[in-house]
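Here the structure is laid out as structure tokens; the discussion comes afterwards.
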Amino acid sequence: MDEAQAPHNTRRKCAECGLVNAGSDVVCRRCGAPLDEPEIEVSADFAERQDGTVKKTRTLWKRLVWVVGATLTILVIWYLSLLFTSDGLQQNQRDQVHAAIAVLDQKGFTREAFVLRYLATFRTSDNWLNAYVGHRDAYAATNFPFEVVTLYPEFFSLPADDTERAAVLLHEARHLCGDGEDAALQITWKGKRQLGWTFEKYNQTRVWDATEDLTRQRFPYMFQCGANEQTDCF
């Protein structure tokens with residue numbers, strides 16, 4: 001390579017005295033010895049292959065940042081699409097939800113109350129995902145892990161009071177925490193007395209009857225107590 005062809009970002013190291021000269025130099029500026037071919041300066045973003053060619057490599061952190069960024073972008077778009085395709089709460093509905101959450105908090109279900117109060121987003125109509133997947137008749141539906149809770153008209157009209165609405169929200173809060181349907185149903189039924197949702201007071205309500213029937217179907221062992229071995233064990 002002659003002087004005119006020497007790359008701009010090259011250098012020549014003198015084999016005699018060790019001085020690093022410019023790429024355009026043909027003799028050492030210090031000792032005058034002839035210089036070898038220039039050494040090409042390679043950027044830190046490149047690595048030299050064994051065959052002498054150079055390839056660009058991404059560091060691990062750059063790959064990680066790209067993956068995390070892309071994932072977060074997709075999740076945010078998905079979450080916003082759930083909100084844009086559904087309706088929010090009216091003020092009277094919001095008041096009922098807050099009253100039910102307060103009951104949970106007062107009865108010792110502090111974790112569930114926290115999730116519902118600060119992490120959940122409540123809607124009153126199906127978003128596109130619920131409409132696509134479909135669901136059985138219910139008082140509410142949850143989109144995990146987006147923490148979106150859809151409350152249907154029956155949630156506001158059928159429960160007898162805030163305590164019964166709190167029982168429904170306890171079930172949904174367990175979904176928000178990652179529990180499946182069976183686990184959420186089981187925890188809600190076992191915790192009903194702590195909540196104050198008892199047989200003595202609510203056994204004639206539609207919410208109680210529906211929940212008891214479903215629980216009995218899923219967990220028959222929970223109704224094998226008492227002299228007749230058919231009484232609720234909890």
Side-chain angles (χ1 to χ4, degrees), residues 64-65 67-133 135-198 202 207-208 210-211 214-215:
L64 182 61
V65 168
V67 171
V68 171
T71 302
L72 289 177
T73 299
I74 293 173
L75 291 177
V76 169
I77 293 174
W78 194 294
Y79 172 75
L80 292 177
S81 73
L82 298 179
L83 301 187
F84 290 151
T85 57
S86 59
D87 300 322
L89 301 178
Q90 300 297 323
Q91 185 58 51
N92 63 318
Q93 296 171 328
R94 189 174 295 109
D95 292 341
Q96 288 179 296
V97 170
H98 289 169
I101 295 174
V103 171
L104 286 173
D105 209 0
Q106 294 167 4
K107 297 299 184 177
F109 296 94
T110 53
R111 179 187 179 190
E112 289 79 4
F114 178 88
V115 171
L116 291 166
R117 184 175 286 131
Y118 299 110
L119 302 183
T121 301
F122 294 97
R123 315 302 286 173
T124 57
S125 64
D126 277 328
N127 53 57
W128 67 267
L129 182 59
N130 287 351
Y132 176 77
V133 174
H135 56 82
R136 60 179 177 78
D137 293 338
Y139 301 104
T142 299
N143 299 118
F144 177 80
F146 299 100
E147 310 302 83
V148 175
V149 180
T150 304
L151 302 175
Y152 299 111
E154 293 78 8
F155 172 83
F156 301 100
S157 61
L158 293 184
D161 55 18
D162 293 332
T163 297
E164 206 154 58
R165 274 185 285 272
V168 176
L169 289 185
L170 175 59
H171 183 100
E172 300 308 318
R174 297 313 309 172
H175 286 316
L176 293 175
C177 294
D179 288 344
E181 179 63 24
D182 283 354
L185 184 62
Q186 192 174 39
I187 290 173
T188 301
W189 190 255
K190 289 181 177 180
K192 64 185 183 300
R193 181 163 294 277
Q194 176 184 342
L195 185 60
W197 188 45
T198 62
Y202 295 94
V207 177
W208 178 278
T211 306
L214 183 58
T215 307

Can you name the one residue among Gln186, Arg174, His171 that meets side chain to side chain donor-acceptor pair (under 3.5 Å) with Asp179?
Arg174
Checking side chain to side chain donor-acceptor pair (under 3.5 Å) between Glu172 and each of Thr150, Thr188, Thr142, which is the one that passes?
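Per the side chain to side chain donor-acceptor pair (under 3.5 Å) rule, the option paired with Glu172 is Thr142, out of Thr150, Thr188, Thr142.
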Note, Val207 side chain near Trp197 side chain (heavy atom, < 4.5 Å):
yes
My understanding is that only residues two or more places apart in sequence, or in another chain, count here; which of them pass side chain to side chain donor-acceptor pair (under 3.5 Å) with [X]?
{"X": "Arg165", "value": "Asp162"}
{"X": "Arg111", "value": "none"}
{"X": "Ser86", "value": "Arg123"}

Under 30°, 30 to 60°, or over 60°: which ring-plane class applies to Trp208 and Trp189, parallel, tilted or perpendicular?
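Ring orientation, 0 to 90° scale: tilted.
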Using the ring of each side chain (for Trp, its six-membered ring), is Tyr118 parallel, tilted or perpendicular to Phe114, with breaks at 30° and 60°?
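It falls in the tilted class, 30° to 60°.
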Would you check if the side chain of Gln93 reaches a backbone N or O of Gln90 as a donor-acceptor pair within less than 3.5 Å?
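Yes; at least one donor-acceptor contact below 3.5 Å.
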Without swapping roles, check the side chain of Asp161 against the backbone of Glu164 for a donor-acceptor pair under 3.5 Å.
yes
As a quick check of understanding, evaluate side-chain hydrogen bond (donor to acceptor under 3.5 Å, both in side chains) for Tyr152 and Asp126, giving each step before the final call.
CA-CA 9 Å; Tyr152 299 111; Asp126 277 328; 2.5 Å; yes
For Lys192, is the NZ atom crowded, meaning more than 12 foreign heavy atoms sit under 6.0 Å from it?
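Above 12, so yes.
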With side-chain hydrogen bond (donor to acceptor under 3.5 Å, both in side chains) as the test, would you mind laying out the steps for Asp95 and Gln91 before giving the verdict?
CA-CA 6 Å; Asp95 292 341; Gln91 185 58 51; 2.9 Å; yes
